[in-house]
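Step one of this worksheet: look at the structure below.
Along the sequence shown, residues carry numbers from 1. Every number for a ligand or one of its atoms is a count from 1 in the order of the listing. Computed from a predicted structure; not experimentally measured. Basis for what follows: all heavy atoms, side chains included, without hydrogens, waters or symmetry-related copies.
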Amino acid sequence: MAKRIILAIETSCDETSAAVVEKNGAVARIQSNIVASQVALHAKTGGVVPEVAAREHIRPIIPTIERALHNAKTTLQNIDALAVTVGPGLHTALAVGVETAKTLSYTLGKSLVAVNHLHGHIAANWNGRTPVLPALALIVSGGHTQLVLVGRNNRMKLLGQTRDDAAGECFDKVAKLLGLGYPGGPAVSKLAERGNPQAVDLPRPMLNRKNLDFSFSGLKTSVRYLVDKDPLLTKEGTPRQRRAGAVFPHARGGMSRALSRDRGVGDLCASVQRAIIDVLVEKTLRAARQYRPKEILLAGGVAANSELRLRLNAATKQLSWKPSYHMPPLELCTDNAGMIGLTAAYLPQKTKQTAWKMTDIQPTLSI
Ligand code: KG4
Ligand code: ZN
């Protein structure tokens with residue numbers, strides 16, 4: 001099979017990214033992957049403002065593409081096809097990447113592949129190796145929590161998903177309640193390292209239901225309830241409270257005990273993280289036992305969470321038929337164009353020929 005070079009573009013949320021992916025025979029590999037992040041900008045508003053995100057894609061998009069080509073030691077003329085995220089994502093943010101890709105496709109006369117962002121998160125696991133199917137993927141990102149079975153020809157079957165908040169959204173909302181800034185996942189997991197995951201008794205929503213669905217909004221509500229009772233857990237706790245140490249009333253064992261903000265927040269972060277991961281791991285094992293995949297894949301921004309990485313790895317070792325377990329390296333967990341190029345490279349041939357005319361944004365695209 002001939003060599004094929006793909007230029008991929010991703011602008012679905014708050015990262016402007018371009019990548020060059022090369023497919024040689026049955027194996028696709030990322031050659032360069034440039035990400036211009038808007039995180040610092042959105043930290044000021046405590047979350048992504050869609051219009052601001054869209055505007056901020058316009059300035060860096062061409063320099064990002066140039067760098068991706070330069071780092072891969074190739075040129076626009078050398079590429080065989082373009083790939084772009086068409087959804088799901090923010091309307092105007094997606095439009096910047098899609099219109100750029102369409103213009104390049106039109107002027108260069110090269111084909112353009114429309115890529116589903118969620119397929120991209122899964123494909124981040126296939127950099128430099130051929131997929132072994134069927135595979136079971138747990139996608140955990142800011143907008144999605146899904147269990148997906150990837151069958152032959154990369155056909156996707158949605159097995160279960162969150163009924164309300166996504167796991168990443170839960171991390172982000174808890175961080176906001178605790179005044180830890182945006183994005184919340186990395187902040188919560190960092191503080192969790194110093195906390196006791198059994199300190200606070202929190203619900204494990206849907207854990208005992210037989211289905212493969214999730215629900216995380218109740219967990220966030222439990223944290224809000226704790227924070228309302230104990231303002232010291234927020235940055236706004238009064239100086240007097242800070243000096244005295246707060247009474248943290250929900251410590252396991254029923255005994256109230258005094259905790260400083262740091263200790264209280266660390267324990268709460270560790271307990272929230274443990275509750276989220278317990279449910280994610282248990283449901284993934286349940287899906288695996290039902291469908292007996294050859295590979296188990298962790299995907300999405302929350303896949304960067306070190307406790308989740310370790311726990312899911314350990315859990316899958318218990319499975320009797322020994323499926324292989326994969327998780328992307330950290331830089332491929334959060335949004336990036338490399339995973340979009342990998343998706344285009346591994347797609348069945350006939351869907352590769354999407355003409356630029358046909359490509360439009362699909363903000364609510366599902367798996
Ligand atoms: O996949 P992604 O980059 O964007 C979406 O497609 O949503 O995921 C972003 C999400 C955010 O909710 C962020 O807080 C979460 O991934 N995240 C983490 C960690 N790193 C990023 N959550 C938990 N632990 C982390 N280390
Ligand atoms: Zn994403």
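In terms of polar-atom proximity, defined here as any N/O pair under 3.5 Å, G142 does make such a contact with ligand 1. Of the N or O atoms in G168, one or more lie within a sub-3.5 Å distance of an N or O in ligand 1. Considering backbone and side-chain atoms together, D335 places an N or O closer than 3.5 Å to an N or O of ligand 1.
Q161 and H144 form no side-chain donor-acceptor contact under 3.5 Å, judged by distance and modelled atom types alone. Checked by atom type, the side-chain pair S17/N336 shows no donor-acceptor distance below 3.5 Å.
Each protein N, O or S atom less than 2.8 Å from the Zn ion (ligand 2) was counted, giving 3.
Using a 4.5 Å cut-off on side-chain heavy atoms (C-beta onward), I62 and T100 make contact. Contact check for S271 versus Q198: no side-chain heavy atoms found under the 4.5 Å cut-off.
A salt bridge does not link D80 to R4: none of the charged nitrogens lies less than 4.0 Å from a carboxylate oxygen.
Under a hydrophobic-cluster definition in which Ile, Leu, Val, Met, Phe, Trp and Tyr are linked whenever side-chain heavy atoms come within less than 4.5 Å, directly or via other members, L280 and L149 are assigned to the same cluster. Side-chain heavy atoms closer than 4.5 Å link hydrophobic residues (I, L, V, M, F, W, Y) into clusters, and following such links, possibly through other members, connects L76 to I61.
Qualifying side-chain contact (heavy atoms from CB on, under 4.5 Å) partners for R292, counting only residues two or more places apart in sequence or in other chains: S320, W321.
Taking every non-hydrogen atom of G301 and a distance limit under 4.0 Å, the qualifying atoms of ligand 1 come out as 1 (O), 2 (P), 8 (O), 16 (O), 17 (N), 18 (C), 19 (C), 20 (N), 21 (C). If you number the atoms of ligand 1 from 1 as listed, the ones under 4.0 Å from a heavy atom of D172 come out as 11 (C), 12 (O), 13 (C), 14 (O). Of all the atoms in ligand 1, the ones that sit under 4.0 Å from a non-hydrogen atom of T334 are 3 (O). Within the listing of ligand 1, atoms 23 (C), 24 (N), 25 (C), 26 (N) sit less than 4.0 angstrom from a heavy atom of N305. In summary, the atoms of ligand 1 found under 4.0 Å from a heavy atom of G143, numbered by their order in the structure, are 7 (O). Ligand 1 places these atoms under 4.0 Å from at least one heavy atom of A304: 20 (N), 26 (N).
Dense packing is recorded around NZ of K322, with more than 12 heavy atoms of other residues, nucleotides or ligands lying under 6.0 Å away.
The side chain of H117, and not its backbone, has at least one atom closer than 4.0 Å to an atom of ligand 1 (non-hydrogen atoms only; side chain from C-beta on). If you look at P186 next to ligand 1, the close heavy atoms, those under 4.0 Å, come from the backbone and the side chain alike.
The minimum heavy-atom distance linking P60 with T16 is given by the pair CG-OG1, 3.7 Å. Considering every non-hydrogen atom in both I367 and M156, the closest pair reads CG1-CB, 3.9 Å.
A heavy-atom separation below 4.0 Å is found between H121 and ligand 1.
Annotation: atom 15 (C) of ligand 1 to nearest protein heavy atom, V302 CG2, 3.9 Å.
Residue pairs meeting the side-chain hydrogen bond (donor to acceptor under 3.5 Å, both in side chains) criterion with at least one partner in residues 300-309, sequence neighbours excluded, are Q273-N305, Q273-E307, R274-E307. Note on residues 174-191: pairs passing side-chain hydrogen bond (donor to acceptor under 3.5 Å, both in side chains), not counting sequence neighbours, are D14-Y182.
When G185, A167, C333, G300 are checked for heavy-atom proximity to atom 25 (C) of ligand 1, G185 turns out nearest.
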